[in-house]
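Note: hydrogens, waters and symmetry copies are ignored here, and every other heavy atom, side chains too, is used. Chain letters run A, B, ... following the sequence lines, proteins first and then strands; every chain starts at 1. Computed from a prediction, not measured in an experiment: that's the story for all the values here.
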Amino acid sequence: MPVSVLAEGAVPGAQVPSHLTRIPVAEISAGMDCSRKSVQGRVVSKGPLVSPGGDNFVLKTVLQDSHSDSSSINVVLLGALAKEFDRAVSQGDVVVASGFTVGSSPTHHKDQLHRCNLQLSGEHACLFVSRPPAPPTGATLKRHSAQSAEEALHQLPTQGSSRTRKTPKYTYTGLDQLKLGVVVNVYGVVVFCKQPFRSRGTDYCSTLKITDQSNQIVWCSIFCKNPVDHPVIFQVGDIIRLHRVKVKPFNESVSLVNTFGFSAVTVSCADDGPLEPRTTSGSFHWDQEDVRKVQELRGWAATGQAAVLPAAVPLSKVEPRSYFDLTCQLLAKAPLDATCTLLRVWDGTRCRHPLLEVWVEPGMMEAGPALEPRDAQGLVVNVLAYDNHVESARQLQPGDFLKIFNLRALPAASSKAEGLAGSQMKEADASHLTFHLHGGTAFGRGIRVLPKSSPDVQKLMRDMEPLLQRGEPSDEEVLEVWCTPPEFPAGAEQVQISSERRCSHDAQQVTLSELKHSSSGRFHHVRVQLKSFEPQRLHQALKLYCSKCCSMCDVPDEEQLAAVFAASSVKPGCSGPPWTCSGQADLPSGSPGSPARALSIHLSTQLVCEGKTKELLLLEGATLQETSHLASAYSNVIPVTSSGGHMTLLDLSAPFLFRGRKRFYGCRRCSSATLREPYVKGQDSIDEKSVSEVLGVELLQFVLLMKLQLQDATDTLEVFLWRDAELFFGVSAEEAATNQEAQDVVSQTMDSLCPPGGSADTQPWLQVCVASYLDGDGKRTCHQICHTSVVRAPSAGAALP
DNA sequence: GATTAGGCTTCG
């Protein structure tokens with residue numbers, strides 16, 4: 001037994017054979033005879049188990065001499081010992097090593113640890129491990145109880161091939177306690193931040209400066225291949241937790257650099273703000289201790305000792321020549337040339353200075369489905385993103401909410417007029433402003449997409465709401481609706497049907513002919529009948545929409561889905577991830593000819609531990625019918641399959657989650673789905689939103705999309721019914737996807753508005769608000785019904801005052 | 001576990 005683990009709290013070295021003499025790390029030298037020597041130290045860094053091939057394993061760890069903080073040495077473990085060490089030893093454990101050989105450390109110059117290393121392999125190598133007990137101080141009481149819960153979890157009787165993994169216990173190092181070469185976990189307040197930028201190496205780099213109550217300011221450099229894996233920092237002042245960062249020398253000071261297993265969690269700095277940890281790792285440890293840490297740092301930062309928060313500047317407060325951070329929504333973008341991309345953005349406030357217009361070549365503007373705000377004068381500004389920001393701009397989608405760091409408001413006179421990327425200025429007034437995001441990353445210059453849930457975006461949306469004309473109807477409009485005489489004879493239909501406009505703008509009613517001849521980018525009020533509509537088969541009106549990439553696709557039909565599930569059900573099974581316990585559920589034979597069979601099921605160990613066994617089920621190898629069946633018994637069912645011996649999610653052509661009768665799909669383009677633990681201790685609830693976030697799935701929204709042909713005495717007009725389709729029918733698309741009643745409402749509404757075989761004489765007249773706008777490439781005017789809802793009255797005239 | 005990284009703008 002090369003690795004021997006002693007009981008928790010046992011005296012380190014208690015069972016070490018007496019013939020071994022313990023030597024301090026500092027006294028180790030190359031070529032010394034170590035056959036009867038031992039070294040004792042705390043594991044301050046534990047590398048991953050690396051397998052160069054076959055049964056060959058290598059693991060590197062760093063031991064810090066228990067009696068001398070300054071002596072740390074690299075230890076290389078080979079073969080079975082490496083594997084055993086990986087399984088049995090954690091960072092923080094105290095290890096006594098014997099039977100090693102001493103070599104020279106090839107990384108000595110870089111990590112500044114001992115110039116020798118210890119190599120352990122073969123039958124003579126031996127390790128004794130002792131685990132320090134949790135300290136019983138007041139500050140760690142909560143840790144202690146959390147640990148008890150973890151132990152309880154270990155002792156949990158589980159079914160089937162149950163497996164649990166020890167949740168790591170984290171200790172945090174103060175920023176004034178950092179020791180070179182040690183892998184640490186830290187908490188801090190961000191006082192400077194550069195959003196991820198392309199380094200000269202293979203990775204993106206983000207650099208931060210963080211501080212804590214010790215007032216030390218420490219540089220952190222995070223290197224990750226992918227910008228989305230970097231810490232999610234929205235502003236200076238955010239609280240950040242870094243796990244597994246290594247203290248390294250750089251430019252004559254220490255810096256923290258991510259190492260294997262690194263994770264970052266950030267929380268907003270607002271003292272009273274929501275405590276929503278943001279992370280790019282799928283599952284992360286977060287408990288009461290973290291909440292306490294954050295509150296402590298928030299309180300400290302609020303005293304003003306940490307850093308001065310940059311004042312958020314809305315467009316209405318921008319002064320010429322100033323630098324500022326802008327929270328905004330992207331409406332459209334256009335590449336101007338290789339070094340400059342135009343972003344048209346707004347934040348719901350009106351800039352008080354005249355704005356420069358930028359001419360864009362026809363067809364180059366990429367706009368989203370979002371309607372531009374009414375009366376855009378002063379609301380929509382042009383941002384010119386240069387050089388390295390062109391690449392970031394390419395990743396953005398119209399509709400995205402953004403934070404642009406270190407934007408500069410520049411009067412036209414200060415920028416070369418002709419130089420605007422070869423375009424021409426329409427009004428070269430010297431004082432007209434454009435907004436420049438200069439090349440480079442100085443002062444944290446960069447762009448970040450904000451999630452809709454962020455408090456800044458929530459505020460932005462509140463500011464924008466009235467400008468998108470979703471207000472309550474005015475008195476006049478209410479009057480207009482009430483006084484509209486019934487347009488078709490009472491009794492012709494059992495249900496009197498008409499429509500109400502729900503907008504508050506003061507557009508005059510126009511005819512369809514007039515509407516067709518007016519410019520786009522505005523709202524029109526029309527009185528029309530519905531001549532025809534498509535699709536006639538209403539289930540085809542139901543689509544899945546991705547609000548991130550704005551793509552839309554059909555909802556897969558049952559046959560397609562059944563095939564996807566059937567294909568996954570014949571794959572050989574696999575064991576579940578470490579956070580699950582597994583078992584089997586017997587299913588009665590569903591239909592004649594299909595035998596009763598057992599399904600592999602996997603439950604979250606944490607949830608089982610909390611007695612919430614019906615909350616979540618990972619279901620492996622089930623058919624669509626079986627999955628639907630079990631979805632009635634479990635709140636959340638995630639279908640899984642095996643791939644290369646590992647458990648994975650099904651292809652995203654299938655729903656990634658079943659909740660009762662509801663099925664949720666993910667965007668194949670925008671998701672990078674991985675099976676991760678969808679529940680962490682203390683989480684309020686599990687729903688499609690939390691599951692999709694954890695799994696890295698971009699949740700698709702059910703929407704209704706129809707094309708209607710409207711008519712009046714003057715003309716006909718094709719319009720879409722999409723953005724406000726739910727308002728129009730008074731049912732949600734999600735309901736329409738699962739609920740027969742909701743489907744009936746939609747089909748009955750269409751039948752009433754456009755009775756089969758009906759003539760223009762008998763069809764109802766509708767008051768409708770129509771938006772005219774340019775489509776994505778700006779070439780074609782489209783129309784969409786908005787702010788309008790269908791009204792069903794029991795009989796004509798009965799409701800009139 | 002190779003390498004990448006410390007601001008501090010102003011050009012367009």
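Between A:F435 and A:V318, the closest side-chain pair of non-hydrogen atoms falls below 4.5 Å.
Checked against side-chain contact (heavy atoms from CB on, under 4.5 Å), A:D212 has the following partners two or more places apart in sequence or in another chain: A:L175, A:S214, A:L297. Taking A:H438 as the reference, A:H436 meet the ring pair (Phe, Tyr, Trp, His ring centres under 6.0 Å) condition, with sequence neighbours excluded. With sequence neighbours excluded, the residues that form a side-chain contact (heavy atoms from CB on, under 4.5 Å) with A:N388 are A:T441.
Listed nucleotides B:dA5, B:dT9, B:dG12 differ in distance to A:T339; the shortest reach to its side chain belongs to B:dG12. Here the nucleotide nearest the side chain of A:F250, chosen from B:dT10, B:dA5, B:dT3, is B:dA5.
Here A:Y323 lies in heavy-atom contact (under 4.0 Å) with a base. As judged by a 4.0 angstrom heavy-atom cut-off over every strand, A:G444 is placed among residues making no nucleic acid contact. Within 4.0 Å (heavy atoms only), A:S206 reaches no atom of the nucleic acid at all. Counting any heavy atom pair closer than 4.0 Å across all strands shown, A:K209 reaches a base atom. Residue A:V254 is classed as a base contact, given a heavy-atom separation below 4.0 Å to a base.
Residue pairs meeting the ring-ring contact (aromatic ring centres under 6.0 Å, His included) criterion with at least one partner in residues 239-258 of chain A, sequence neighbours excluded, are A:Y170-A:H243, A:Y172-A:H243.
Between A:K248 atom NZ and B:dA2 atom P there is a gap of 6 Å when expressed in whole angstrom units. Rounded to whole Å, the distance from CZ on A:R198 to C1' on B:dT3 is 14 Å. The separation between A:H436 atom NE2 and B:dT9 atom P is 17 Å, rounded to whole Å. Protein atom CD of A:Q195 is 20 Å distant from nucleotide atom P of B:dT9, rounded to whole Å. A straight line from CG of A:L384 to P of B:dG12 spans 12 Å, rounded to a whole angstrom. When the C1' atom of B:dA5 is taken as reference, atom OH of A:Y204 falls 16 Å away, rounded to whole Å. Atom pair A:I222:CD1 and B:dT3:P shows a separation of 18 Å (rounding to whole Å applied). Spacing between atom CZ of A:F435 and atom P of B:dG12 amounts to 18 Å, rounded to whole angstrom units.
A donor-acceptor pair under 3.5 Å links the side-chain atoms of A:D65 to the main chain of A:V25, judged by distance alone.
Residue whose closest nucleotide on DNA chain B sits further toward the 5' end, between A:R445 and A:L256: A:L256. Both A:R321 and A:S253 lie near DNA chain B, and the one whose nearest nucleotide falls closer to the 5' end is A:S253.
For B:dT4, its base never sits under 3.5 Å from the side chain of A:T202 at any donor and acceptor pair.
For A:E296, the CD atom sits in a packed shell: over 12 heavy atoms of surrounding residues, nucleotides or ligands are nearer than 6.0 Å.
Within residues 402-409 of chain A, the residues having any heavy atom closer than 4.0 Å to DNA chain B are, in order of number, A:N406, A:R408.
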Output side-chain donor-acceptor pairs under 3.5 Å for residues 256-264 of chain A, partner residues at least two apart or in another chain, one line each.
from: A:N258; atom 1: OD1; to: A:F223; atom 2: N; distance (Å): 2.9
from: A:N258; atom 1: ND2; to: A:F223; atom 2: O; distance (Å): 2.8
from: A:T259; atom 1: OG1; to: A:R244; atom 2: O; distance (Å): 3.0

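Here A:F223 lies parallel enough and close enough to stack on the base of B:dT4, with planes under 30° and ring centres under 5.5 Å apart. Using a 5.5 Å limit on the distance between ring centres and a 30° limit on the angle between planes, the aromatic ring of A:F192 does not count as stacked on the six-membered base ring of B:dG7.
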